[in-house]
Amino acid sequence: MANKPRPSRLWSLAGLALLAILWEAGHRIWGPLVLPGLAETGVTLWHMIAEGRVAPALAQTAGNAGMGWVLGAAAGMIAGTLAGLRPEAQRALQPVAVVLLGIPAIAWVVLALLWFGGRWAVVFTVAVATGPLVFAAAVAGVHSLDGGLIRMARAFRVPLGARLAHMHLPHMLGHVFPALATTLAMSWKVSVMAELLAGAGGIGDGLATARAHVDTVAIMAWVLVVVAVLVAVDLALLQPLQRRMAHWRDDGRGVGA
Amino acid sequence: MSEPLRLDGVDFAHDGRPVLRGLDLILPAGTITALMGPSGCGKSTLIALAAGLLTPDAGRVARRCTRLGIVFQDPALLPWKTALGNVGFALRGLDLGAAERRARAVAMLDAVGLGPGDAGKYPRQLSGGMRQRVALARALAVEPDLLLCDEPFAALDAEPRRALWQLLRDIRDRTGLTMLVVTHDRDEARTEADCLAVMADGRITQSGQPGA
């Protein structure tokens, strides 16, 4: 089978350029109060960085999002694996996951503010938004393992530890990784939203201050910070990891049966 | 002569549908037994019962072997492991160090005709015949005294089939390995096996020496 050529990176740049053009056009149509211009936003962001406002906020949001994500992902992974292996556990945990998924993140923020307050409200909200999504992916990961592989491992009397490490875990990672990547990106957004309402520092707090001053330029600058972080995480962490994990998958270049 | 595998009056039903009905089979030690029969007659079920992967509804399966090797109809290879890694995975059931596992896997892959260049390939990079060879290497690497094969050479051409049969016979002559091989090829069963068992309707209807 002939290899399909990979589209040029110029297409990505073309997409970003189109977005910038639309942004600038919107700025010219509706004015700076509704949508500040690109240059103005860039200058404001530079000033915010120079004044030392961005780095501490970034570190705080990263801490909140990271801690909540790790806790939620770990809980989802453990519960999902358990539910995948034991039908009784799945019966018990599946409805809980559905209920948790059905509660909007904003409702969790309000509840968490009453229960914990401050940064722990943010961490809790991120964790509770992450857990059910990872849980569902982990259950699917355990269930989708080929029964033939399980029989093979049993026939060769491969010990449980080796089965988990070399058979179940690599297979599950293929299913859980997209959920982990999605929830990692989501954790930033949820964290910013929770910080905005909690006033617990971080980028969300910066956004809240900018909103109070009707400072649209600063709001857009903070938005750029969040987007830049997400793009950086995707390019520097998620995409290389995904390539590393998927190198054994059929990419159409196999010799077939 | 001892009997590494003996099935007495085995019944087995799948989803209420009888597959095996009072099946009797004895594999004498050190022999190669070819198992033939039409598709769906229960050959793969018999292999699974013999391997202990299924439990009979009635009757008895007696296995007297130290180590079991098995080649499934589908090679059942871990797609995220190389050919070498797949053979090494089965060896994790034995008390071997990593270096010994690797050496044994390399040697057995070489024995079935897969050199160092193929040992590092993932299953998706191998042809169907090469995958079956990896599955055979995995089964032989554990140094079994009972080997169960469900159409192990179905995807291979005549020449490599003959070579692999020769390899199995050499191993049998050297180690006293007992084999049960499912095949659809009557000529192959006659020329390569010591015993022939024919299945129909969930029973062994004929058994004995192939030429008899």
Side-chain angles (χ1 to χ4, degrees), chain A residues 1-4 77 81 84 87 137-138 140-181 240-257, chain B residues 44 47-48 50-54 63 65-83 85-96 98 101 118 120-132 134-135 138-142 144 146-148 150 154-155:
Chain A
M1 188 187 287
N3 285 351
K4 204 175 171 183
M77 192 80 173
T81 306
V142 174
H143 281 173
S144 61
L145 182 62
D146 182 3
L149 295 180
I150 296 170
R151 280 191 293 278
M152 178 273 294
R154 274 180 57 205
F156 286 108
R157 295 178 188 163
V158 177
L160 180 64
R163 282 189 226 180
L164 289 174
H166 296 277
M167 189 172 73
H168 287 282
L169 191 64
H171 173 77
M172 270 185 74
L173 275 178
H175 280 80
V176 174
F177 185 80
L180 291 177
L241 267 177
Q242 194 161 24
R243 275 197 295 274
R244 189 175 161 74
M245 281 176 48
H247 64 294
W248 51 267
R249 285 183 194 279
D250 193 352
D251 56 1
R253 281 177 286 174
V255 290
Chain B
S44 295
I47 293 282
L53 298 172
L54 296 173
R63 241 185 353 267
C65 65
T66 313
R67 276 194 294 275
L68 172 77
I70 185 165
V71 181
F72 296 93
Q73 203 169 16
D74 177 299
L77 302 179
L78 301 170
W80 48 85
K81 282 199 177 284
T82 61
N86 268 284
V87 177
F89 179 71
L91 294 172
R92 288 180 181 275
L94 309 179
D95 192 18
L96 300 174
R101 274 203 309 270
D118 297 319
K121 288 181 179 170
Y122 290 93
R124 72 172 173 87
Q125 298 171 308
L126 300 169
S127 68
M130 290 163 100
R131 286 179 213 159
Q132 281 195 325
V134 175
R138 180 177 61 193
L140 291 172
V142 299
L146 175 62
L147 179 63
L148 307 170
D150 196 349

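All chains are named by letter (A, B, ...) in the order of the sequence lines, taking the proteins before the strands, and each is independently numbered beginning at 1. Every heavy atom of this structure was used, including side-chain atoms; hydrogens, water molecules and symmetry mates were not.
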Rounded distance (nearest 0.5 Å) linking atom CG of Leu53(B) with atom CD1 of Ile150(A): 11.5 Å
Applying a heavy-atom distance below 4.5 Å, give me the residues of residues 152-160 of chain A that approach chain B, sorted by number. Met152(A), Ala153(A), Arg154(A), Ala155(A), Phe156(A), Arg157(A), Val158(A), Pro159(A)
Scored by heavy-atom pairs under 4.5 Å with chain A, the best of Leu78(B), Leu68(B), Leu77(B) is Leu78(B)
Nearest heavy atoms of Ala76(B) and Gly148(A), plus distance in Å: CB-O, 3.9 Å
Exceeds 12 heavy-atom contacts within 6.0 angstrom, atom CZ of Arg151(A): no
Measure distances from Leu145(A) to the heavy atoms of chain B and classify the residue's part below 4.5 Å as side chain, backbone, both or neither. side chain
Which residue pairs satisfy the side-chain hydrogen bond (donor to acceptor under 3.5 Å, both in side chains) criterion with at least one member in residues 72-83 of chain B, sequence neighbours excluded? His166(A)-Lys81(B), Gln73(B)-Glu151(B)
Arg138(B) versus chain A, the contacting section by heavy-atom distance below 4.5 Å: both
Part of Phe89(B) within contact of chain A (heavy atom distance under 4.5 Å): both
Structural part of Ala135(B) lying under 4.5 Å from a heavy atom of chain A: neither
